[in-house]
Enquirer: 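Just dropping this structure here.
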Amino acid sequence: MNKSTNSPQQALELWGGLECTVNRVQDQYFSQLDRNGHGARACDIERFAGLGIRAIRYPILWERTAPDGIDQADWRWPDERLAALRAAGVTPIAGLIHHGSGPRHTSLVHPGFAQELADYAGAVAARYPWLEFYTPVNEICTTARFAGLYGVWYPHGRDDRTFIDALLNQCRATVLSMRAIRAVNPHAKLVQTDDLGKTYSTPELSLIAEFYNERRWLGWDLLCGMVGPEHKLWNYLLRSGVEAADILWFRDNPCPPDIIGVNYYVTSERWLDHRPERYPAHHRGVADGIPCADIEASRVLATPTPGIAPLLSEIWERYGIPLAITEAHIDANREDQMRWLLEIWEAAQQSRDNGVDVRAVTVWALLGSFDWNSLVTVERGYYEPGPLDVRGPVPRPTALARMMQEIARGAPLSHPVLRAQGWWRRPGRFLCQQPVATPDALTSIAADGHRLVGSDAAPILILGASGTLGRAFARICEKRNLAHRLLSRQDMDIADPDSVERALAKYKPWAVVNTCGYVRVDDAENDIERCQRENTHGAAILASACALHDVHLTTFSSDLVFDGRNERPYVESDPVSPLNVYGRCKAAAEQAVLASHPGALVVRTSAFFGPWDEHNFVTQALNALERGDPFVAAGDMTITPTYVPDLVHACLDLAVDHEAGIWHLANQGELTWAELARRAAELAGVDASRLEAKPAAEFGFTAARPAYSSLHSERGALLPALDDALRRYVELRQADRAARRALEAEAEGRQQVGGGDSQAEAVQSGT
């Protein structure tokens with residue numbers, strides 16, 4: 001870390017952060033360090049250093065180290081980790097409380113909280129006197145709001161007094177902690193973090209927005225000794241019932257940050273609207289007694305806000321203290337995570353050019369985070385990957401990790417997905433009935449919609465225009481703003497080397513996704529030559545050409561490469577032993593592809609179902625059962641079904657990461673075909689009494705099939721649980737049907753009103 005305090009001309013640094021929240025909900029604690037595995041994995045330090053970071057926000061958490069008092073503290077964990085960071089040349093910024101409320105005997109509003117945290121801080125400094133940078137309490141104002149005003153975390157307050165008590169207690173704890181730390185190390189520096197957001201609104205709610213925009217500064221204002229009778233929120237603070245002396249204590253005991261740490265998310269900038277009916281129900285609420293909607297500005301404003309750069313100018317003008325962006329993260333697909341980091345890095349550079357002393361950008365959640373989409377109030381297993389993905393046996397570097405390494409080296413950013421803009425700047429991001437015109441205050445600095453995917457962007461070639469999977473890839477690439485071309489066999493015949501070369505030369509892709517091939521398993525028994533041509537020879541030719549041109553390839557294999565004799569789910573390293581021609585062709589293709597192109601990704605998957613075709617098993621089963629028709633399915637063949645949207649998203653993430661080798665991708669959960677139909681019917685509320693399970697032998701299959709072909713991954717289980725996928729499939733299916741009914745009703749209404757005047761309608765429509 002650069003330890004100068006007044007030289008913004010030195011290079012912008014890359015820092016990292018480890019999601020380490022230990023939050024309390026009622027009497028239950030949620031620990032990110034337990035869930036991301038770092039609590040038991042010291043070797044992560046080497047991985048962190050390998051990303052090129054100069055400093056890391058690192059936990060030495062009170063709740064974990066000394067929950068029963070300092071005299072019973074267990075220092076073994078921080079001893080090992082801090083020594084490793086020091087040896088790796090990565091500067092720790094020690095965090096003592098991270099969205100926590102302290103050990104079980106205390107809380108954010110407990111009278112002894114501040115002094116007890118200070119005692120712990122002094123003990124940390126005494127044990128590690130070389131530590132220079134501290135964040136005693138992370139996000140003081142934000143944590144006070146969540147725990148004292150919104151009731152999300154312990155102590156679950158829902159009033160201004162609890163919010164203010166928690167705010168003052170955390171600020172006092174920070175002042176006393178730094179005093180105790182500096183008694184050991186007079187040069188210790190405070191890096192005080194908080195969410196840097198802004199609220200915009202309709203004119204009817206402008207006073208509330210103005211209040212929110214003043215309230216966001218309170219933590220920093222108190223530490224800087226700026227809160228007194230002249231402060232805009234002085235009367236608000238006193239009305240809560242707190243003593244003036246408790247507020248003025250900070251004026252007499254200022255502890256201004258040495259670096260102000262600003263945390264910025266896509267949710268940080270908010271929009272308040274007095275017309276809540278225009279928005280989804282979960283965004284509706286009440287502010288100061290007024291019904292309203294509170295929603296991310298990016299989901300509402302027709303012209304997006306310009307992002308973090310103007311906010312950095314605001315905070316610099318208010319405090320004149322060096323800044324660091326201490327959390328930069330978005331819960332999004334891989335390419336949008338990269339686009340978010342690029343936008344923030346460029347904003348930091350721009351701010352420095354404008355005279356703002358920005359020291360660093362911190363890539364947050366190096367190991368990802370769990371269940372933040374529910375504010376860590378329940379354990380649902382929802383995981384947001386970071387630069388390192390922990391869903392496998394060891395953390396796996398993603399494309400974001402490689403981007404960090406390029407930033408750290410000062411190298412040009414190489415990934416082609418960075419040529420396009422993120423979802424927060426794209427059409428289709430809106431969650432209101434119609435986009436809201438940009439407020440006047442933003443008009444002069446509104447974003448210009450840069451980085452639209454252009455015709456010059458290197459695309460992904462998707463092969464298989466006539467197939468369900470190929471069309472699904474095209475649909476999701478469009479949604480994710482990934483440049484792509486969907487090709488038919490006429491555009492590229494993978495079994496014809498000249499055709500492959502022509503297409504690669506014409507489109508100059510950075511990646512190819514091969515979804516084409518021979519799929520009729522029973523017919524393949526008597527059509528061996530064609531199955532081999534399309535599934536084996538073609539795949540090998542395509543792989544050789546992609547390897548020659550340094551193009552990433554994703555291609556698909558099947559659970560039918562196995563014979564079904566396993567008594568546990570098949571993993572990637574299990575030997576193949578196919579029972580039929582189709583399986584033998586796929587197994588041969590796997591070997592040929594990886595021999596020609598070791599950088600290719602071969603995805604084994606199974607039993608597709610999805611919302612965009614009528615021919616998959618689940619859709620056919622539900623359609624038949626809804627009509628009251630009988631439906632027969634195999635009751636003795638066990639599979640792992642795969643929801644097509646989940647499969648496509650995971651494959652695209654892996655392609656962006658340039659992953660290689662064989663990977664099993666299927667939703668987590670095994671069952672028979674008959675059980676799959678029954679489970680789908682149950683979730684859809686459909687009568688399954690006419691569903692009949694029969695042995696596979698009674699179906700008259702030409703090709704032999706394994707009785708058991710369940711897939712599991714030893715590399716990382718990337719797809720959600722099957723029940724979760726089926727639930728989303730059913731919800732989307734029902735929503736589509738409701739939309740069709742609404743359109744039909746609307747069309748019928750127009751027909752009745754129009755009275756059948758076909759000539760007038762033709763003239764009006766221009767036909």
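Just so it is clear, the values below take in all heavy atoms, side chains as well, and ignore hydrogens, waters and symmetry mates. What you are looking at is a predicted structure, and each value in this text was computed from that prediction instead of being measured.
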Enquirer: Has Arg24 got a side-chain atom pairing as donor or acceptor with Gln26's backbone, closer than 3.5 angstrom?
Expert: yes
Enquirer: Donor-acceptor pair, distance only, cut-off 3.5 Å: does the side chain of Thr605 make one with the backbone of Leu665?
Expert: yes
Enquirer: Evaluate ring-ring contact (aromatic ring centres under 6.0 Å, His included) for Tyr382 paired with Phe370, printing each intermediate quantity in order.
Expert: CA-CA 6 Å; Tyr382 182 82; Phe370 288 87; 9.4 Å; no
Enquirer: For a ring-ring contact (aromatic ring centres under 6.0 Å, His included) with Trp673, tell me which candidate from Phe699, Phe631, Phe617 qualifies.
Expert: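 Of all the options given, the one that passes is Phe617.
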Enquirer: Is it true that the NZ or CZ of Arg475 lies under 6.0 Å from the centre of Trp612's six-membered ring and within 45 degrees of the ring axis?
Expert: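 Ring-cation test returns yes.
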Enquirer: Test your reading of the model: is there a side-chain donor-acceptor pair from Thr21 to the backbone of Asn23, 3.5 Å cut-off?
Expert: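 No, because the side chain of Thr21 does not come within donor-acceptor range (under 3.5 Å) of the backbone of Asn23.
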Enquirer: Supply the atom-to-atom distance Phe609 CZ to Leu622 CG, rounded to the nearest 0.5 angstrom.
Expert: 10.0 Å
Enquirer: CG of Leu691 to CG of Asp629: how many Å apart, nearest 0.5 Å?
Expert: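 Here the rounded value is 12.5 Å.
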Enquirer: To the nearest 0.5 angstrom, please state how far the CG atom of Asp389 sits from the CG atom of Leu400.
Expert: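 CG of Leu400 is found 11.0 Å from CG of Asp389.
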Enquirer: A side-chain contact here means heavy atoms from C-beta on lying under 4.5 Å apart; do Phe701 and Glu525 qualify?
Expert: no
Enquirer: Rounded at 0.5 Å granularity, tell me how far CH2 in Trp663 sits from OG in Ser713.
Expert: 6.0 Å
Enquirer: Are a donor atom and an acceptor atom from the side chains of Asp331 and Asn373 found within less than 3.5 Å of each other?
Expert: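 Asn373 and Asp331 do not have a side-chain donor-acceptor pair below 3.5 Å.
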Enquirer: Determine whether Gln532 and Arg584 make a side-chain contact, defined as any pair of heavy atoms from C-beta on separated by less than 4.5 Å.
Expert: no
Enquirer: Is a side-chain N or O of Asp563 found less than 3.5 angstrom from the main chain of Pro578, in a donor-acceptor match?
Expert: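 Checked: no pair found.
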Enquirer: Name the orientation class of the two ring planes belonging to His415 and His658 (parallel below 30°, tilted from 30 to 60°, perpendicular beyond 60°).
Expert: perpendicular
Enquirer: Okay, side chain of Thr640, backbone of Glu670: is any donor-acceptor separation there less than 3.5 Å?
Expert: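 No.
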Enquirer: May I ask you to test the Thr398-Met338 pair for a side-chain heavy-atom distance under 4.5 Å?
Expert: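 In short, these two side chains do not touch, never coming nearer than 4.5 Å.
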Enquirer: Is it true that the side chains of Asp491 and Tyr507 contain a donor and an acceptor less than 3.5 Å apart?
Expert: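 Absent: no donor and acceptor within the cut-off.
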Enquirer: Between the side chains of Ser369 and Glu19, does any donor sit under 3.5 Å from an acceptor?
Expert: no
Enquirer: As a test of understanding, state which of Glu590, Glu572, Gln591 forms a side chain to side chain contact (heavy atoms under 4.5 Å, CB included) with Val602.
Expert: Glu590
Enquirer: Would one find more than 12 heavy atoms of other residues, nucleotides or ligands at under 6.0 Å from atom CZ of Arg520?
Expert: yes
Enquirer: Would the distance check show the side chain of His664 and the main-chain N or O of Arg604 forming a donor-acceptor pair, the cut-off being under 3.5 Å?
Expert: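 The answer is no, because no donor-acceptor pair under 3.5 Å joins these two groups.
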Enquirer: Between atom CZ of Arg339 and atom CH2 of Trp423, what is the distance when rounded to the nearest 0.5 Å?
Expert: 13.0 Å
Enquirer: Establish, from distance only, whether the side-chain atoms of Thr555 and Asn514 form a donor-acceptor pair under 3.5 Å.
Expert: yes
Enquirer: Please check if any side-chain donor atom of Arg480 sits under 3.5 Å from a side-chain acceptor atom of His649, or the reverse.
Expert: yes
Enquirer: Is there a donor-acceptor contact under 3.5 Å linking the side chains of Ser488 and Gln490?
Expert: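 Yes, Gln490 and Ser488 have a side-chain donor paired with an acceptor closer than 3.5 Å.
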Enquirer: Which of these passes side chain to side chain donor-acceptor pair (under 3.5 Å) with Tyr518: Asn535, Asp527, Asp523?
Expert: Asp527
Enquirer: So, does Lys586 use its side chain to make a donor-acceptor pair with the main chain of Phe556 at under 3.5 Å?
Expert: yes
Enquirer: Any chance the side chains of Asn333 and Asp336 put a donor and an acceptor closer than 3.5 Å?
Expert: no
Enquirer: Ignoring hydrogens and geometry beyond distance, is a side-chain donor-acceptor pair present between His549 and Glu501 at under 3.5 Å?
Expert: yes
Enquirer: Rounded to the nearest 0.5 Å, how far does CD of Glu296 lie from OG1 of Thr267?
Expert: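 If I round to the nearest 0.5 Å, the distance is 6.5 Å.
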Enquirer: Could you work out, with side chain to side chain contact (heavy atoms under 4.5 Å, CB included) as the rule, every residue matching Asn623, not counting sequence neighbours?
Expert: Glu614, Thr619, Glu626, Arg627, Arg733, Arg737
